[in-house]
Participant: 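Got a structure for you, questions after.
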Amino acid sequence: MALFKKRGMAEEGFKILPEHIGIIMDGNGRWAKKRGLPRTAGHKAGADVFEKICKECGRLGIKEVTFYAFSTENWKRPKEEVNTLMRLFYDFLIDAKERLTDSGDLRIRFAGEREGIHPELLKLMDEAEFETAQRKGTLVNLAINYGGRQEIVSAVNKLIAKGKTEITEQDISSHLYTMPDCDLIIRPSGEERLSNFLLWQAAYSEFWYSDVLWPDFDIKDLHEALHEFENRNRRFGG
């Protein structure tokens, strides 16, 4: 499988695009605090940016993009904030079919553990995956209740359950929530760490950081990251 493809992107000038992008949506709380707003307002603003970036990835023809939406550690946050995040996911999924239809034929998939998520939300997640499964556009992975270490443990446990006594790298890769290696990881907000995101898939990822908080992240920031990616010399350890 090719790690990136050449495409004709005359408008933005892209000659090479990553096939799989990982995006850590960080800075919602700080964005709200700077404006004297509750953290929940930051998450709502961040949800709008998520939709905008999804549409742009679809328009550009990015094969797959994984958004870090809610980690296994995020359950430790205040109950009100957690409830708001779950409500945002719920509201998005209520009309996901209509939104995605007009967004480059996007598909949606969820990456993470199902335990702890409300049954009504799980039902909507399953419906969104089913209703978009046959589409051919960008695959949007929403990492909800996700942890990179847990993902690897889950893959190993699946292999053990199948009776495997020796495990290869390919075995683990084929049992992860998201299959392909990640070519580019984008993290806004000024932080420079993975935070338990795509630990296995990021082995040879390129990283792009920005001080822009996620609710202020714009299409031009995405384009800047993509232009920097195509100018990187990727050696994959060689």
Participant: When rounded to the nearest 0.5 angstrom, what is the spacing between CZ in R114 and CG in D126?
Facilitator: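 CG of D126 is found 4.5 Å from CZ of R114.
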Participant: Pairs in or reaching into residues 143-153: which pass salt bridge (Lys or Arg N to Asp or Glu O under 4.0 Å), with residues at least two apart or in two chains?
Facilitator: none
Participant: Listed by chain and number, what are the side-chain contact (heavy atoms from CB on, under 4.5 Å) partners of T168, not counting sequence neighbours?
Facilitator: Q170, D171
Participant: Walk me through whether E120 and K123 qualify under salt bridge (charged side-chain N to carboxylate O under 4.0 Å, His left out).
Facilitator: CA-CA 5 Å; E120 290 186 10; K123 181 175 181 291; over 6 Å; no
Participant: List the residues meeting side-chain hydrogen bond (donor to acceptor under 3.5 Å, both in side chains) with S174, not counting sequence neighbours, and say none if there are none.
Facilitator: none
Participant: Tell me every residue that passes side-chain contact (heavy atoms from CB on, under 4.5 Å) with S205, counting only those two or more places apart in sequence or in another chain.
Facilitator: C182, I185, A202, F207
Participant: Side chains of C54 and L106: closer than 4.5 Å at any heavy-atom pair?
Facilitator: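 Yes, side chains in contact.
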Participant: Kindly determine whether K220 and E224 satisfy salt bridge (charged side-chain N to carboxylate O under 4.0 Å, His left out), including the steps that lead there.
Facilitator: CA-CA 6 Å; K220 64 179 176 57; E224 182 180 341; over 6 Å; no
Participant: Please list, chain by chain and in numerical order, all residues satisfying salt bridge (charged side-chain N to carboxylate O under 4.0 Å, His left out) with E113, sequence neighbours excluded.
Facilitator: none
Participant: Can you list everything that forms a side-chain hydrogen bond (donor to acceptor under 3.5 Å, both in side chains) with R232? Sequence neighbours excluded, please.
Facilitator: E206, E228
Participant: Who pairs with N157 by side-chain hydrogen bond (donor to acceptor under 3.5 Å, both in side chains), at least two apart in sequence or on another chain?
Facilitator: none
Participant: Taking C-beta and beyond as the side chain, do L184 and L226 meet within less than 4.5 Å on heavy atoms?
Facilitator: yes
Participant: Which pairs of donor and acceptor atoms, one on a side chain in residues 33-42, lie under 3.5 Å apart (sequence neighbours left out)?
Facilitator:
| residue | atom | partner | partner atom | Å |
| --- | --- | --- | --- | --- |
| R35 | NH1 | W31 | O | 3.0 |
| R39 | NE | E81 | OE1 | 2.8 |
| R39 | NE | E81 | OE2 | 3.1 |
| R39 | NH2 | E81 | OE2 | 2.9 |

Participant: Under the side-chain contact (heavy atoms from CB on, under 4.5 Å) rule, collect the residues that match up with N28, sequence neighbours excluded.
Facilitator: H43, W214, P215
Participant: Among residues at least two apart in sequence or on other chains, which ones pass side-chain contact (heavy atoms from CB on, under 4.5 Å) with E191?
Facilitator: D26, R30, R187, S189, R193
Participant: Name the orientation class of the two ring planes belonging to Y146 and F197 (parallel below 30°, tilted from 30 to 60°, perpendicular beyond 60°).
Facilitator: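 Ring orientation of Y146 relative to F197: perpendicular.
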Participant: Could you work out, with salt bridge (charged side-chain N to carboxylate O under 4.0 Å, His left out) as the rule, every residue matching K158, not counting sequence neighbours?
Facilitator: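 Listed in chain order: nothing, the list is empty.
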Participant: My understanding is that only residues two or more places apart in sequence, or in another chain, count here; which of them pass salt bridge (charged side-chain N to carboxylate O under 4.0 Å, His left out) with R87?
Facilitator: D91
